[in-house]
Asks: 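Take this structure, written in structure tokens, and hold onto it; I'll ask about it next.
Note on naming: letters A, B, ... go to the chains in the order of the sequence lines (proteins, then strands), and numbering restarts at 1 for each one. Because the structure is a prediction, the values reported are computed rather than measured.
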Amino acid sequence: MFTDADIAALLVTLKLAGLTTLILLVIGTPLAWWLARTRWRGKPAIEALVALPLVLPPTVLGFYLLVLLGANGPLGEHSLAFTFTGLVIGSVFYSLPFVVQPLQGAFAAIDRGYIEAAATLRASPRDTFFSVVVPLARPGFLTATVLGFAHTVGEFGVVLMIGGNIPGSTQVLSIAIYEHVENLEYARAHWISAGLLVMSFALLLMVYGLNRRFKVVGP
Amino acid sequence: MSLEVCLRLSRGDFELAVEACLPARGVTAIFGPSGCGKTTLLRAIAGLEPQVCGRLKLGDETWQDTDYFLLPHQRPVGYVFQHAVLFPHLSVRGNLDFARRRSGDGPGPGFDEVVELAGIDHLLSRATPNLSGGERQRVALARALLTAPRLLLLDEPLAALDRQAKAELMPCLERLHESLSIPVLYVSHAIDEVARLADQLLLLADGRVEASGPLVEMLTRLDLTLAGSEEALAVIEATVSAIDTDYHLTRLAFAGGGQGRELWLPGDRLPVGRKVRLAVHARDVSLTLQPPTQSSILNIIPVRVDALSPSGPAQTLVRLRAGEVPLLARVTRKSEAALGLHAGQALFAQVKSVSLVE
């Protein structure tokens, strides 16, 4: 049913998606909190930058990352092109809006009154964030996690540009499918495609099921 | 100890400029019409309005100065918002624990004491979204008290409640007044609430202090808007001195009133010795030069005219003193002329109706 190469691609994919999601939650949470609260005039510019990967062809993003991370770029001989680390960096940019936007929406929806009430109950801003904001934004965190993960699993263009197709290292499922099709191995392409289809549907079903009240961003 | 307030805020058309020194004991009502800046002032004292500038001191502790601003969570205030603002992700007990865990080591009321005072023992395990309005406010009050505040700020806690819920919360606020020594600032635009709870009054109009002082005096000052209103009233603090069981009447002696200065009130359920507040509306007081001997009115008090002020084209508002206690009477200008009313004159006030403030 699945060859060793397919299993290896699955593991790379899961590792990439898991790590990317984790990094995005760590950097996306403060960014989303800041975007939800700031009245700075430059905010639309930052929001547009965050949203760019939604509209940009992944190959464009991949191309610039290749220029930046490649051997001819500023990193020189420490090039990250065609490495797993390079893939993670690319995925973080690529999936950024899918984590930041649901979080920003969830944070913005929290009534200021709760934050003020927490302050009058002696909770510092940091304390308030973890004991009031995070629990109230839980649907947003769930959406962000699932969308960030699922979107990274589905990425193709960026991976192809900067990660190439090294089995066991940078070959992910979407590329494995592409390769199977190139080699006219339709049955194997079918197995992986159907597997991804079912998994993506299951993940989204979970998000919509758990967050009935919550708006999920579209790609 | 006192609360020294000198705060300014400009926001669009609205300007707040409050300068006042309030005694930090008992209940001080911040009273005024909607939009006069009551809530903004309360928020500024809690540190929730960062654009406010000026000075703020509680006792010898500075909370705000020209180059100093204590953040809200560093100020030892308890704040009850108009809409309670309980955390929806925590149960009633969770909300109370949130406050208790962060209260520090300061001396404050204990958990059981607060729960009993607020009457919320049976609600502890409930989820907050299912509580009624009155229950929510009681939980919010308990939560604020558990932070061991040195100043309690109440922002119209009764305004969003129906009659029934008000009747539940009011006794709770009165117990608070009696049993805890935490000074309270109470924002309200309802004079009956103020008459019931407040000891001092800070009158706000258009973001400025109109006047401030002890409630009993403020209510009867003829130069203020309060006395001029249709609902003008005087508050008398009295003690139940006897019960007439034959006629089901309660006799009340009022402080500073002296000999013969007592009032009768229908009903016989109050215990002797209980301190109560009585409201006497200006429209229910009439004046007579001789004590009537054949009248159905029970409450006839010897008084002295303190001051007079015209109230509309046909009426005059008269401030009276029964001993030290001020009273208001609204009479027609015709009666004023007939009785020859003038300051210092001794006469009798017939009080048609006295009510317990509740």
Asks: Give a yes or no on whether B:Gln82 atom CD has more than 12 heavy-atom contacts from other residues, nucleotides or ligands under 6.0 Å away.
Replies: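 Yes, enclosed.
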
Asks: Quick check on A:Ser131 against chain B: is it the side chain, the backbone, both or neither that has a heavy atom closer than 4.5 Å?
Replies: both

Asks: Inspect the surroundings of CZ in A:Phe107 and state if more than 12 heavy atoms from other residues, nucleotides or ligands are less than 6.0 Å away.
Replies: yes

Asks: Which answer fits B:Leu71, side chain, backbone, both or neither, if we ask what part of it has an atom under 4.5 Å from a heavy atom of chain A?
Replies: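 For B:Leu71, there is no contact with chain A at all, as no heavy atom is under 4.5 Å.
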
Asks: If you round to the nearest 0.5 Å, how far is CG of B:Leu48 from CD1 of A:Ile115?
Replies: 11.5 Å

Asks: What's the spacing between B:His83 NE2 and A:Asp111 CG if we round to 0.5 Å?
Replies: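 CG of A:Asp111 is found 10.0 Å from NE2 of B:His83.
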
Asks: For B:Glu61, does the CD atom have more than 12 heavy-atom neighbours from other residues, nucleotides or ligands under 6.0 Å away?
Replies: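 Above 12, so yes.
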
Asks: Can you measure from NE2 (B:His89) to CG (A:Leu136) and round to the nearest 0.5 angstrom?
Replies: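 It is 5.0 Å, given to the nearest 0.5 Å.
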
Asks: Taking B:Val77's backbone N and O only, do any of them form a donor-acceptor pair with A:Arg122's side chain (distance below 3.5 Å, no angle check)?
Replies: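 At least one qualifying donor-acceptor pair exists.
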
Asks: Would the number of heavy atoms belonging to other residues, nucleotides or ligands and lying under 6.0 Å from CZ of A:Phe63 be above 12?
Replies: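 At most 12 heavy atoms, drawn from other residues, nucleotides or ligands, come within 6.0 Å of this atom.
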
Asks: At their closest point, which heavy atom of B:His73 faces which heavy atom of A:Ala123, and how far apart are they?
Replies: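 Answer, listing the atom of B:His73 first, then A:Ala123: CB-O, 3.2 Å.
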
Asks: More than 12 non-hydrogen atoms from neighbouring residues, nucleotides or ligands closer than 6.0 Å to CZ on A:Arg138, yes or no?
Replies: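 No, not enclosed.
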
Asks: Using a cut-off of under 4.5 Å for heavy-atom pairs, which of B:Leu153, B:Leu90, B:Leu86, B:Leu146 has the most such pairs with chain A?
Replies: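 It is B:Leu86.
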
Asks: Looking only at heavy atoms, which two atoms of B:Phe81 and A:Ala117 are closest? And how far apart?
Replies: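 So the two residues come closest at CE1-CA, 3.7 Å.
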
Asks: What are the two closest heavy atoms between A:Tyr114 and B:Phe87, and how far apart are they?
Replies: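 Closest approach of A:Tyr114 to B:Phe87, heavy atoms only: O-CE2, 3.4 Å.
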
Asks: Please look at B:Arg143 and chain A and tell me whether the side chain, the backbone, both or neither of the residue comes under 4.5 angstrom of a heavy atom of that chain.
Replies: both

Asks: Show the numbers, then the answer: is there a side-chain contact (heavy atoms from CB on, under 4.5 Å) between A:Leu121 and B:Tyr79?
Replies: CA-CA 8 Å; A:Leu121 297 170; B:Tyr79 200 114; over 6 Å; no

Asks: Does B:Phe14 have more than 12 heavy atoms from other residues, nucleotides or ligands lying within 6.0 Å of its CZ?
Replies: yes

Asks: Just checking A:Phe84: does its CZ atom have more than 12 heavy atoms from other residues, nucleotides or ligands closer to it than 6.0 angstrom?
Replies: yes

Asks: What do you reckon, is CZ of A:Phe156 surrounded by more than 12 foreign heavy atoms closer than 6.0 Å?
Replies: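 Yes, CZ of A:Phe156 has more than 12 neighbouring heavy atoms, counting only those of other groups under 6.0 Å.
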
Asks: Start with the C-alpha gap between A:Asp127 and B:Arg102, add the side-chain angles, then the distance that decides, and say whether side-chain contact (heavy atoms from CB on, under 4.5 Å) holds.
Replies: CA-CA 10 Å; A:Asp127 182 2; B:Arg102 291 165 175 81; 2.6 Å; yes

Asks: By salt bridge (Lys or Arg N to Asp or Glu O under 4.0 Å), which residues pair with B:Asp97, not counting sequence neighbours?
Replies: B:Arg100

